[in-house]
Structures are given as structure tokens and as C-alpha cells.
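What you see below is based on every heavy atom in this structure, not just the backbone, and it leaves out hydrogens, waters and symmetry mates. Count residues from 1 along the sequence. Since this is a predicted model, take the numbers as computed values, not measurements.
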Amino acid sequence: MLPLGEWPRFLFLWWLLLSAVVEGFSLSLPAPQNLTIKSYNFQNVLSWSPVRGINGPVIYSVQWCLEYDQIWKEVNCRDITKPECDFESKKDIFAVIFRVRAEEGNLKSEWTKTLPFVANKDTIIGPPREISVTSQANSILISFLPPFEKRSNFSSFDYTIYWENSADTSPITTTVHRFKNLKERTTYCFRIQARLHERKGEKSGIYCAKTTITERTRILNCLLILASVFLMLALVFSLLIIIRKYPNIIKSFWQPPLTIPSHYAEDLNDPQMITIEEFQNSAGENPWDIISVTSKAEEDKILTSFTSEHS
């Protein structure tokens, strides 16, 4: 039993010990939140919201397990400072779970788990790459590459080519395809979609090409042009012959007969007007070219002389 004078010292030490224990239990890091897995072409990224440290930087550890066995294993993301982890799923057809913990020195947070992730079901398959569309006469050749390089545990892709004016969208397994017997000098547009394990990927952008003409069509066009030239020359030669042989007929077409204006025709139909026969008979008489003016005395003298001659 402690002497009476030692009790204050003992109680003080005991209080310090209890304070340290309580402080150790009270100081802990918050668990990471908002865990999200994004997967595109089986490139997987696990990310979460950053955790604020107490006295310094925070590092993170990531583990994974199969959903059915719950045996946790390390991944290539241990003691990282960035709140994300790029990982490769080696169990694409199985559901896996990830968990993340924050650490700062001796302080550690609780683990935070993700929902089950299945790569074959949850990844997004992109469109085919390096698409080339080339026109050749009345056909179009399409070539492309798969969305990503084939993995060892994958079966082959198949592809669907969507194009206008066609209901044929049967899947193909090759990355080179030719559309034949198309309309000449016509623009066709295409989109391509990959599929893997009955899972359809994203459609590609629109690629267009215009067909050209075949050699046969080119020859026919040349023949039509030559025939048109010869026909024009023949027509010109025929017109020259007709003009030379029938000039009067051609002239009659170019110079129609003269007609009397309507107001002149009305005057000619007037009975008081001179007849055409009188006009024609008087046409041969000599017209008066000289007009003389006589005085009244001279007029009486001429009249008297004319009366004496006829009495």
C-alpha cells in the first residue's frame, strides 16, 4: 500500500495515462467517401473524395476481393497520395469489391467498400478506331481497327455497319468490308458499332464517301459525246444544203407578203373614193408639173376667146 504522500503523484500519473488513451481513441481519420469506378474499354479507374489530414498529408491503401470469397488482396495502389487508383481487372466475368482506407502516421480510417463491379458488364466499349472509307467506282471499301487490342481471355469482336438506304445490318467479324453494286456518283454515309459478349459498344462518328463511275460508263459517255458532235455537224451541213437549193422558199419565210393597214383598207372601201381602175388608168397620164396663177382680166380674156371659137 502506498504511503499517504505518494497518492497525489500516483493519481496524477494515472490521469495522464487515461488522457493519452482517450486522446488516442478520439483522434482518427474520416473514412473515404463517394467511391466510384469508371471503366472504358476495360481501362478501370477507382476514385473517391479526398480526406483532410490532421497534422500532415494523407495516404491511401486499396484492396480488392471476389464477392463470393471475401478474401482481401492488395492491388498496385498502396500508400498513394492521389485519391484515385488505376487497376486492371483479371477477373472480368466475376464480381469484385474494392475498399479504400486513409492513413496519416499511426492514424487510420475505417475501410469504405464499393458496390460489386463486373468488368464484362460494367465497362463501356468504345467505337472502332482508325476508320477509313474509300470509294472505288460503284463500290466502297471500309476498313477499321477494334476498339482496343484483343485481350487473352476475350473472344473476337463482331461489328455492325449502319448505312443509309439499306436494311441489311448483319454483323460481320472482319475489319475490312466492301459494299458492291452501288449507285454511281452517289454519296453514302456509314457508322460502325462493335459488340463483345452480346454487349454493344458506342457507335462511331459518321464517315461518308462518294462513288465514281465505272469504266463502262466512262466509255458510254465518250460515245454519246462523239455521237452528239457528229449529229450537230450533220444538221448544220443539211441546213446549208437546203438554204443553197431553196433560197426563194427560205426568203419567203424571212420576208412575209406586205399587207395594207386597216385604216387604209377602210378608205379604199368607201364608194366616193377613186376606184382602183381609175387610179391605174390615170397612172399613165402626164401629171401637171407647173402651176400658174392668172389675174381676173386674163381669165376673162381666155374665157371670151374660148367662147368665140366654139360659137
Side-chain angles (χ1 to χ4, degrees), residues 36-47 84-96 114-228:
T36 304
I37 297 178
K38 294 182 179 180
S39 179
Y40 190 83
N41 287 339
F42 291 90
Q43 300 296 319
N44 313 307
V45 178
L46 169 64
S47 61
E84 68 176 36
C85 172
D86 298 344
F87 65 92
E88 180 179 1
S89 178
K90 298 181 180 180
K91 305 289 184 179
D92 298 321
I93 62 175
F94 297 102
V96 295
T114 66
L115 295 175
F117 168 76
V118 182
N120 274 5
K121 184 183 70 174
D122 296 330
T123 194
I124 297 174
I125 299 176
R129 300 170 294 138
E130 300 184 21
I131 299 175
S132 174
V133 180
T134 307
S135 62
Q136 299 178 350
N138 61 341
S139 66
I140 290 181
L141 180 68
I142 299 179
S143 62
F144 51 89
L145 293 178
F148 52 88
E149 296 300 328
K150 183 178 178 182
R151 298 158 66 97
S152 59
N153 57 339
F154 283 172
S155 59
S156 299
F157 285 97
D158 56 38
Y159 307 93
T160 302
I161 301 178
Y162 299 91
W163 61 295
E164 57 186 11
N165 302 329
S166 175
D168 182 14
T169 55
S170 301
I172 59 176
T173 56
T174 60
T175 57
V176 178
H177 185 74
R178 183 187 299 275
F179 290 91
K180 302 179 180 179
N181 301 323
L182 302 178
K183 294 181 180 179
E184 299 178 3
R185 287 183 285 194
T186 304
T187 300
Y188 292 89
C189 296
F190 305 85
R191 300 185 74 180
I192 310 174
Q193 183 182 42
R195 185 177 64 176
L196 181 66
H197 301 309
E198 303 300 325
R199 180 172 174 79
K200 294 182 179 181
E202 297 177 328
K203 290 183 180 179
S204 69
I206 299 176
Y207 293 80
C208 300
K210 185 176 182 179
T211 56
T212 58
I213 60 175
T214 61
E215 189 65 25
R216 178 182 177 183
T217 303
R218 186 176 291 106
I219 294 174
L220 288 176
N221 290 341
C222 292
L223 292 176
L224 288 175
I225 294 173
L226 290 176
S228 300

Identify the heavy atoms of P146 and T175 that sit nearest to each other, and give their distance.
CD-CG2, 4.4 Å
F157 ring center near F148 ring center (under 6.0 Å):
yes
Working to the nearest 0.5 angstrom, can you tell me the gap between I125 CD1 and R195 CZ?
10.5 Å
Provide the closest heavy-atom pair for N41 versus G126 in the form atom of the first, atom of the second, distance.
OD1-N, 2.8 Å
Can you see which heavy atom on L196 is nearest to which on S156, and at what distance?
CD1-O, 4.1 Å
Check whether any side-chain N or O of S135 sits under 3.5 Å from a backbone N or O of I140 as a donor-acceptor pair, and report yes or no.
no
Check the surroundings of atom CG in L145: do more than 12 heavy atoms from other residues, nucleotides or ligands lie under 6.0 Å from it?
yes
Assess whether side chain to side chain contact (heavy atoms under 4.5 Å, CB included) is satisfied between D158 and I172, documenting all intermediate values.
CA-CA 6 Å; D158 56 38; I172 59 176; over 6 Å; no
Quick one: do I142 and R178 satisfy side chain to side chain contact (heavy atoms under 4.5 Å, CB included)? Show the steps, please.
CA-CA 6 Å; I142 299 179; R178 183 187 299 275; over 6 Å; no
Would you say the side chain of L46 lies within less than 4.5 Å of the side chain of T114, judging by non-hydrogen atoms?
yes
Using the rule given for side chain to side chain contact (heavy atoms under 4.5 Å, CB included), can you reason through Y40 versus K38, listing the C-alpha separation, both sets of side-chain angles and the distance that settles it, and then say yes or no?
CA-CA 7 Å; Y40 190 83; K38 294 182 179 180; over 6 Å; no
When you measure from the side chain of T36 to the backbone N and O of S47, does any donor-acceptor pair fall under 3.5 Å?
no
Which atom names give the shortest non-hydrogen contact between T212 and Q136, and what distance separates them?
OG1-C, 4.2 Å
Side chains of F94 and F117 in contact at under 4.5 Å (non-hydrogen atoms):
no
For residues 128-146, which residue pairs pass the salt bridge (charged side-chain N to carboxylate O under 4.0 Å, His left out) check, not counting sequence neighbours?
R129-E149
Determine the minimum heavy-atom distance between A209 and V133, stating which atoms define it.
CB-CG1, 3.5 Å
To the nearest 0.5 Å, atom CH2 of W163 lies from atom CZ of F190 at 6.0 Å
Sequence neighbours left out, what passes side-chain hydrogen bond (donor to acceptor under 3.5 Å, both in side chains) with N44? Give chain and number order.
S39
Approximate separation, where rounding is to 0.5 Å, of L182 CG and K210 NZ:
14.0 Å
Do I37 and D122 have side chains that get closer than 4.5 Å, going by heavy atoms?
no
Intermediate values then yes/no, side chain to side chain contact (heavy atoms under 4.5 Å, CB included), N120 and R199
CA-CA 8 Å; N120 274 5; R199 180 172 174 79; over 6 Å; no
Ring-plane angle category for Y159 and F144, please: parallel below 30°, perpendicular beyond 60°, tilted otherwise.
perpendicular
Do side-chain atoms of Y188 reach the backbone of K183 as a donor and acceptor pair under 3.5 angstrom?
yes
Within the distance-only criterion (no hydrogens, no angle test), does the side chain of T211 pair as donor or acceptor with the backbone N or O of T186 below 3.5 angstrom?
yes
Going by side chain to side chain contact (heavy atoms under 4.5 Å, CB included), E202 matches just one of P127, P128, P147. Which one?
P127
K203 NZ/CZ over Y162 ring centroid, <6.0 Å and within 45° of normal
yes
About how many Å separate CZ of R191 and OG1 of T160, when rounded to the nearest 0.5 Å?
12.5 Å
